[in-house]
Amino acid sequence: MLFKRHIKKVASIFKHFLYLQKIKRHRKKYEKIIFNSPKVLVLMSGGIGNAVEATPLVQAIRIFWPQAYIAIYPPSGDLFEDWCIVDCIIKDTNELEGKDYDHVFVCSGKLPEDFCSKARNIHFVKCILWKWFLKPEREYYLDMLRRLGYKGFTPPLYVSISKPKISIPPASLRISIVPGGKLERKWMNKRWPYYSSLIEKLLENYPNSQICIIGSREDYLSKPLPVDSRIIDLRGKLTLRETAWVFKNSNLVIGNDCGPLHIADAAQAISLVIFGPTCELKNSPAHKAVPLYLNFSCRPCQYNLLMESCKHPRCIQEISVELVMEKVNLLKDLI
């Protein structure tokens, strides 16, 4: 009996010792996390597509430094409102005055010169733009953190989603058309010119469909649209979060390579993305997107002067409405 009591006492002391060791290790781990909590700024104020492609980097920073203070400087709009991953969303360069960050990750956009002189560690994208070295844009951004020791996976894209304030009639088959692209000469050749004809074909082949046209007021069509109650022109009427909602609730999104198609990708929408002079490997959405392009030896010319000087961009102009409709018909089982 005395021997059993002695054994129990020794076991109790040993268990308590093990408990104290676990507490000690836990405390050290916690203190390591607390004191390894840098202030981080992610600059992503360039294009919408660049900002969306930078969201895996922001999430990876949170994984790598769980207690870090993370601020992002995105494009104007509500694309990342209420994002729980970040601590602060900067909306103007004036908000950077007097701020000090341990790490600044430059994905797109520009920082004020006086801010750059004070920042301790500024990380830039190292991008080899030869055809045989290209990879998805989000991977270039994530490489900045990999150089600091991150070894994890590539997180998914993210955008905030909010139901539009304006009324959009329900539809059993909703197809969103995105005739987007910047108006600068450099990017004009990205715009596919036959959306009006495509819309007519879609209404003809899918009479029960609803066609939503998405984009800004500057996103023009080559010819006037037919008067049809099945066409809903939402250009200039939606915020970025509301745009994501429409994409999320669309059966198919069709557009050329532009920022909103990356929003559609982050919203997990099935997309048909038309590529002309830009690279489908580097710029193509990742999840449920089907790229459509023609094989010309001169493309992609995104990384040389030909993109700006080309007056007859066959790579985009020779993608016919019929070819697009062939792809749509192949996707019909999904939509």
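Only heavy atoms go into these numbers, but all of them, side chains included; no hydrogens, no water, no symmetry mates. Bear in mind that the values here come from a model prediction, so they are computed numbers and not experimental data.
The two atoms that bring G255 and L261 nearest to each other are CA-CD2, 3.8 Å, heavy atoms only. A pairwise comparison of heavy atoms in S76 and L240 identifies O-CD1, 3.9 Å as the closest pair. The minimum heavy-atom distance between H123 and M144, with the atom names listed, is O-SD, 3.3 Å. I168 and Q210 get closest at one heavy-atom pair: CG2-OE1, 4.0 Å. Closest of all the heavy-atom pairs between L142 and F153 is CD2-O, 4.1 Å. Taking all atoms of both residues into account, the shortest heavy-atom contact from I274 to I254 is CD1-CG2, 4.5 Å.
Ring geometry for H103 against F105 counts as parallel: the plane angle stays under 30°, on a 0 to 90° scale with 60° as the upper cut.
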**Message:** Run N249 and F247 through side chain to side chain contact (heavy atoms under 4.5 Å, CB included) and show every step you take.
**Reply:** CA-CA 5 Å; N249 290 275; F247 290 152; over 6 Å; no
**Prompt:** Would V324 and L272 satisfy side chain to side chain contact (heavy atoms under 4.5 Å, CB included), going step by step from the backbone distance to the final call?
**Reply:** CA-CA 8 Å; V324 174; L272 179 59; 3.9 Å; yes
**Item:** Test side chain to side chain contact (heavy atoms under 4.5 Å, CB included) applied to E137 and V52, step by step
**Value:** CA-CA 10 Å; E137 189 168 8; V52 175; over 6 Å; no
**Message:** For a side chain to side chain contact (heavy atoms under 4.5 Å, CB included) check, start with the C-alpha distance between L323 and L292, then their side-chain angles and the critical distance, and finish with the verdict.
**Reply:** CA-CA 9 Å; L323 182 58; L292 174 58; 4.1 Å; yes
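Contact annotation: the side chain of V125 never approaches that of V106 to less than 4.5 Å [non-hydrogen atoms, C-beta and beyond]. When side chains are defined from C-beta on, S196 does not count as touching I199, because their heavy atoms never get closer than 4.5 Å. The closest side-chain heavy-atom distance from I72 to W83 is below 4.5 Å. Inter-residue side-chain proximity for T278 and P300 is flagged as unmet; no heavy-atom pair is nearer than 4.5 Å. Looking only at side-chain heavy atoms (C-beta outward), V273 and D265 stay at 4.5 Å or farther from each other. Between I263 and L79 the shortest side-chain heavy-atom distance falls below 4.5 Å. A heavy-atom distance below 4.5 Å is not found between the side chains of S176 and L252. You'll find the side chain of S320 stays beyond 4.5 Å of the side chain of Y194, heavy atoms only.
Using modelled atom types, no side-chain atom of R299 and backbone atom of C315 make a donor-acceptor pair closer than 3.5 Å. A donor-acceptor contact shorter than 3.5 Å links the side chain of T239 to the backbone of E242. Using a distance-only test at 3.5 Å, with no hydrogens or angles considered, no donor-acceptor pair links the side chain of R146 to the main chain of K151. A donor-acceptor distance shorter than 3.5 angstrom exists from the side chain of N329 to the backbone of M325, with no hydrogens or angles considered. A side-chain donor-acceptor contact under 3.5 Å links N121 to the backbone of D102. Between the side chain of D87 and the backbone N or O of A71, no donor-acceptor pair lies under 3.5 Å. Checked by atom type and distance alone, the side chain of S37 never pairs as donor or acceptor with a backbone atom of A68 at under 3.5 Å. Between the side chain of Y220 and the backbone N or O of K223, no donor-acceptor pair lies under 3.5 Å. Although no hydrogens or angles enter the test, the distance criterion places a donor-acceptor pair under 3.5 Å between the side chain of D78 and the main chain of R241. Between the side chain of Y150 and the backbone N or O of I61, no donor-acceptor pair lies under 3.5 Å.
A salt bridge does not link D257 to K282: none of the charged nitrogens lies less than 4.0 Å from a carboxylate oxygen. Between D143 and R138, none of the side-chain N atoms (NZ, or NE/NH1/NH2) sits under 4.0 Å from a carboxylate O, so this pair counts as no salt bridge. The residues R230 and E204 are annotated as not salt-bridged, no charged nitrogen and carboxylate oxygen being separated by less than 4.0 angstrom. Checked for salt-bridge contact, R314 and E318 meet the test: a charged N lies under 4.0 Å from a carboxylate O.
Rounded to the nearest 0.5 Å, atoms CG (L43) and OG (S108) are 6.5 Å apart. A distance of 12.0 Å separates NZ of K163 from CD1 of I166, quoted to the nearest 0.5 Å. Here the CZ atom belonging to F275 is positioned 10.0 Å from the CD1 atom belonging to I319, to the nearest 0.5 angstrom. One distance of note links CZ of R62 with CD1 of I70; it measures 3.5 Å at 0.5 Å rounding. Atom CD1 in I177 sits 9.5 Å away from atom SG in C212 (nearest 0.5 Å). Atom CG of N251 and atom CG of L173 lie 5.0 Å apart (nearest 0.5 Å).
Both cation-pi conditions hold for K135 and Y140: the charged atom is under 6.0 angstrom from the six-membered ring centre and inside a 45 degree cone around its axis.
Of the N and O atoms on the side chains of Y195 and N256, at least one donor lies less than 3.5 Å from an acceptor on the other residue. Side-chain contact annotation: H312 with Q317, donor-acceptor N/O pair under 3.5 Å absent.
Within 6.0 Å of NZ in K39 there are more than 12 heavy atoms belonging to other residues, nucleotides or ligands.
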